[in-house]
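This report refers to the structure that appears directly beneath it.
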Amino acid sequence: YPYSYMTHCRSVEHVANLYDVSVAELRKLTNANKHREGGDAYYKQVAVVDGKLLSVYDGETEYSIGQPMSERARQKHAGGFYVYPTVDTARHANYPSAAKLRDVEKVVIRCQVSGQYCVYENGKMAFTHLTPLEIVA
């Protein structure tokens with residue numbers, strides 16, 4: 001019965017079990033973030049190296065103002081473009097010791113984001129589509 005299987009796999013209970021979270025917490029998070037489904041008021045901290053805006057984490061991904069980018073957002077930090085809802089939270093982002101450019105000059109860019117997204121406990125979000133709009137700080 002493939003339809004029954006499909007509807008079960010899309011249920012809140014199944015998703016909560018799959019990601020080892022409580023059903024109540026999952027419902028709270030999904031309801032609290034319905035209004036945050038993209039737009040042009042999200043911020044990302046990037047490294048500045050030789051005039052290029054690069055990912056602080058991998059040191060390779062380049063962000064060019066006005067150039068759209070896409071990478072499917074996935075749970076558990078498995079994909080997408082990471083942004084924050086305010087300039088201040090982006091400016092104070094914490095990076096793991098594995099981040100390649102954590103010790104170089106950084107700026108905050110304002111981004112337009114859309115598509116599938118994930119929300120993390122620290123306020124960070126990952127979106128599928130991102131377009132850098134301007135340097136703000």
Handout entry: Same apolar cluster (I L V M F W Y, side chains within < 4.5 Å links), Val21/Leu18
Key = yes
Problem - Lys100 atom NZ: more than 12 heavy-atom contacts under 6.0 Å - result: no
Problem - Within one Ile-Leu-Val-Met-Phe-Trp-Tyr cluster: Leu26 and Tyr19, side-chain cutoff 4.5 Å - result: yes
Practice task
Could you walk me through whether Thr61 and Met69 pass the side-chain contact (heavy atoms from CB on, under 4.5 Å) test, one step at a time?
Solution key: CA-CA 10 Å; Thr61 304; Met69 306 170 74; 3.6 Å; yes
Handout entry: Check: Lys124 and Val119 side chains under 4.5 Å, non-hydrogen atoms
Key = no
Practice task
Kindly say whether the aromatic ring centers of Phe127 and Tyr117 come within a distance under 6.0 Å.
Solution key: yes
Handout entry: Evaluation steps, side-chain contact (heavy atoms from CB on, under 4.5 Å), between Ser97 and Arg102
Key = CA-CA 8 Å; Ser97 58; Arg102 68 183 286 163; 3.9 Å; yes
Practice task
Verify the distance criterion only: is there a donor paired with an acceptor across the side chains of Gln112 and Tyr42 at less than 3.5 Å?
Solution key: no
Handout entry: side-chain contact (heavy atoms from CB on, under 4.5 Å) between Lys106 and Val56, intermediate numbers included
Key = CA-CA 8 Å; Lys106 297 176 202 61; Val56 174; 4.0 Å; yes
Exercise for the section: Taking the side chain as every heavy atom from C-beta outward, state whether Glu134 and Val136 have any pair of such atoms under 4.5 Å apart. Expected result: yes
Handout entry: Distance-minimising heavy-atom pair for Ala126 and Ala73
Key = O-CB, 3.5 Å
Practice task
Taking all heavy atoms of Arg74 and all of Arg72, pick out the closest pair and write down the distance.
Solution key: NH2-NH1, 3.1 Å
Exercise for the section: With the side chain counted from C-beta on, respond yes when Asn17 and His14 share a heavy-atom pair under 4.5 Å apart, and no when they do not. Expected result: no
Practice task
Determine yes or no for a side-chain-to-main-chain donor-acceptor pair under 3.5 angstrom, with Lys44 supplying the side chain and Tyr82 the backbone.
Solution key: yes
Exercise for the section: Give a yes-or-no answer on whether the side chains of His129 and Ser114 include a donor-acceptor pair shorter than 3.5 Å. Expected result: no
Practice task
Step through the shown structure and confirm whether more than 12 heavy atoms of other residues, nucleotides or ligands are within 6.0 Å of CG on Asn122.
Solution key: yes
Handout entry: Gln45 side-chain N/O to Val107 backbone N/O, donor-acceptor pair under 3.5 Å
Key = no
Problem - Thr128 (side chain) donor-acceptor with Gln116 (main chain) under 3.5 angstrom - result: yes
Handout entry: Where Ala47 and Val104 come nearest, the two heavy atoms and their spacing
Key = CB-CG2, 3.5 Å
Handout entry: Heavy-atom closest pair, residues Val87 and Ala137
Key = CG1-CB, 4.1 Å
Problem - Side chain to side chain, Val46 and Leu54, heavy atoms closer than 4.5 Å - result: no
Exercise for the section: Could you state whether Tyr43 and Val83 fall into the same hydrophobic cluster, counting links through intermediate Ile, Leu, Val, Met, Phe, Trp or Tyr residues with side-chain heavy atoms under 4.5 angstrom apart? Expected result: no
Exercise for the section: State, with a plain yes or no, whether a side-chain heavy atom of Ile135 is found less than 4.5 Å away from one of Val108. Expected result: no
Handout entry: Side-chain heavy-atom pair Leu53, Val48 within 4.5 angstrom cut-off
Key = yes
Completion exercise
To the nearest 0.5 Å, atom CG of Leu133 lies from atom CD1 of Ile65 at 7.5 Å
Problem - Parallel, tilted or perpendicular, as decided by the 30° and 60° cut-offs, for the rings of Phe81 and Tyr63 - result: perpendicular
Practice task
Over all heavy atoms of both residues, which pair between Lys76 and Tyr120 is shortest? Give the atoms and the distance, please.
Solution key: N-OH, 3.6 Å
Handout entry: Donor-acceptor contact present, side-chain Arg110 to main-chain Pro132, <3.5 Å
Key = no
Exercise for the section: Would you please indicate if the ring centroids of His92 and Tyr84 are separated by under 6.0 Å? Expected result: no
Exercise for the section: First locate atom CG of Leu101, then atom CG of Asp58, and finally report the distance between them rounded to the nearest 0.5 Å. Expected result: 8.0 Å
Practice task
Check whether any side-chain N or O of Thr86 sits under 3.5 Å from a backbone N or O of Thr89 as a donor-acceptor pair, and report yes or no.
Solution key: yes
